[in-house]
**Student:** 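Below: one structure in structure tokens.
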Amino acid sequence: MPELGVNIDHVATIREARKIDYPNPVEAALLCQRSGADSIVCHLREDRRHIQDRDLRELKKAIKVKLNLEMAMSEEIVNIALRVKPDQITLVPEKRRELTTEGGLDVLARAKRIKSVLKKMKKRNIKVSLFIDPDKRQIKAAMESGVGMIELHTGCYANARNKKEKKREFELLRASAEFAKRIGLSVFAGHGLNYKNTAPLRKIKEIEEYNIGHSIIARSVFVGLGKAVKEMKALVT
Ligand code: PXP
């Protein structure tokens with residue numbers, strides 16, 4: 001049964017809009033956990049636009065489900081991860097001016113750095129996933145880097161402008177997931193997934209986990225966070 005990871009960054013985005021102390025993303029994470037989230041995802045960005053260092057430390061103490069930290073490979077953030085010790089990290093590319101993570105990690109270009117981060121994380125028993133585009137060369141490079149899991153970037157599928165484009169992106173995700181599984185990788189998926197475009201992906205049996213943030217937090221404005229998580233959980237399982 002596929003699992004649901006809930007990204008709580010945007011609870012912190014609302015807090016940081018006013019630089020005050022609510023809403024608390026840790027409280028949100030606990031509510032997500034109670035409502036069926038199988039893991040909690042957060043991204044400690046270098047510019048700290050939403051999640052702050054103390055959120056990460058408190059999340060680690062408070063939640064029982066898997067804590068998955070999305071992060072860039074900068075020295076500073078790598079050292080924080082080694083100290084806080086989330087269950088898993090997901091390496092993502094990061095540009096300061098982007099609205100959100102725009103593309104997958106270029107594993108071919110960053111192989112050396114990925115291997116060095118992986119070695120450090122292995123020593124601390126932290127699992128490593130790579131957030132990559134549905135591209136066979138990247139998937140193969142991910143496997144060769146020594147990671148055991150990847151998250152396929154679903155942004156192009158989510159943003160497809162018409163049926164034809166959506167079908168093409170879906171098939172690309174399907175072929176990528178099948179290839180990744182065949183060469184021994186666990187396959188996760190995320191980015192831009194919402195209450196409409198997630199269910200069709202269930203046809204791709206290789207996807208073991210969906211990581212979803214923005215649409216769940218947006219829906220929670222109308223139905224409450226608990227219900228928003230439960231509704232999404234029902235779509236992925
Ligand atoms: N997975 C990864 C690796 C991400 O970087 C993000 C965005 O932080 C997500 C999933 C969640 O994307 P969204 O907020 O669009 O659901």
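Values reported hereafter were calculated over all heavy atoms of this structure, with side chains retained and with hydrogens, waters and symmetry mates removed. From a predicted model like this one, the values you see are computed outputs, not experimental measurements. All ligand and atom numbering here is 1-based and tracks the order in the structure.
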**Student:** Answer yes or no: is there an ion pair linking E76 with R48, defined by an N-O contact shorter than 4.0 Å?
**Tutor:**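 Here E76 pairs with R48 in a salt bridge, since their nearest N and O are under 4.0 Å apart.
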**Student:** Under 4.0 Å from a heavy atom of E151: give me the atoms of ligand 1 that qualify, with their elements.
**Tutor:**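 Near E151, meaning under 4.0 Å from one of its heavy atoms, ligand 1 has 1 (N), 2 (C), 3 (C), 10 (C).
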**Student:** If the cut-off is 4.0 Å to any non-hydrogen atom of H214, which atoms of ligand 1 fall inside it?
**Tutor:**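 Reading through ligand 1 atom by atom, the close ones are 13 (P), 14 (O), 16 (O).
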**Student:** Measure the shortest side-chain to side-chain distance between K203 and F170 over non-hydrogen atoms and say whether it is less than 4.5 angstrom.
**Tutor:**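 A side-chain contact under 4.5 Å exists here.
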**Student:** Report the part of E70 (side chain from C-beta onward, or backbone N, CA, C, O) that has a heavy atom under 4.0 Å from ligand 1; answer both or neither where that applies.
**Tutor:**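 E70 to ligand 1: side-chain contact only, backbone stays beyond 4.0 Å.
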**Student:** Between D55 and K60, does at least one N-O distance fall below 4.0 Å, as a salt bridge requires?
**Tutor:**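 No, this pair does not count.
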**Student:** Taking 4.0 angstrom as the limit, do R168 and E171 come out as a salt bridge?
**Tutor:**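 No, R168 and E171 are not salt-bridged.
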**Student:** Examine the proximity of ligand 1 to H153 and report which part, side chain or backbone, both or neither, has a heavy atom under 4.0 Å away.
**Tutor:**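 The answer is neither.
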**Student:** Below 4.0 angstrom from a heavy atom of V92, which ligand 1 atoms are there? Numbered from 1 as shown, please.
**Tutor:**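 Counting atoms of ligand 1 from 1, those under 4.0 Å from V92 are 3 (C).
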**Student:** Between L193 and ligand 1, does any nitrogen or oxygen pair lie at a separation below 3.5 Å?
**Tutor:**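 No.
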**Student:** Closer than 4.0 Å to some heavy atom of I212 - which atoms of ligand 1 meet that?
**Tutor:**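 In order of numbering, the contacting atoms are 16 (O).
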**Student:** What atoms in ligand 1 come closer than 4.0 Å to a heavy atom of N7?
**Tutor:**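 Answer, ordered by atom number: 8 (O).
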**Student:** Thinking salt bridges, do R45 and D9 make one under a 4.0 Å N-O criterion?
**Tutor:**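 D9 and R45: not salt-bridged.
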**Student:** Decide if atom NZ of K167 counts as having more than 12 heavy atoms of other residues, nucleotides or ligands within a radius under 6.0 Å.
**Tutor:**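 Check fails, neighbour count at 12 or below.
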**Student:** What distance do H214 atom NE2 and T13 atom OG1 have between them, rounded to the nearest 0.5 Å?
**Tutor:**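 OG1 of T13 is found 8.5 Å from NE2 of H214.
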**Student:** Within less than 4.0 angstrom of ligand 1, does S215 place any heavy atom?
**Tutor:**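 Contact absent.
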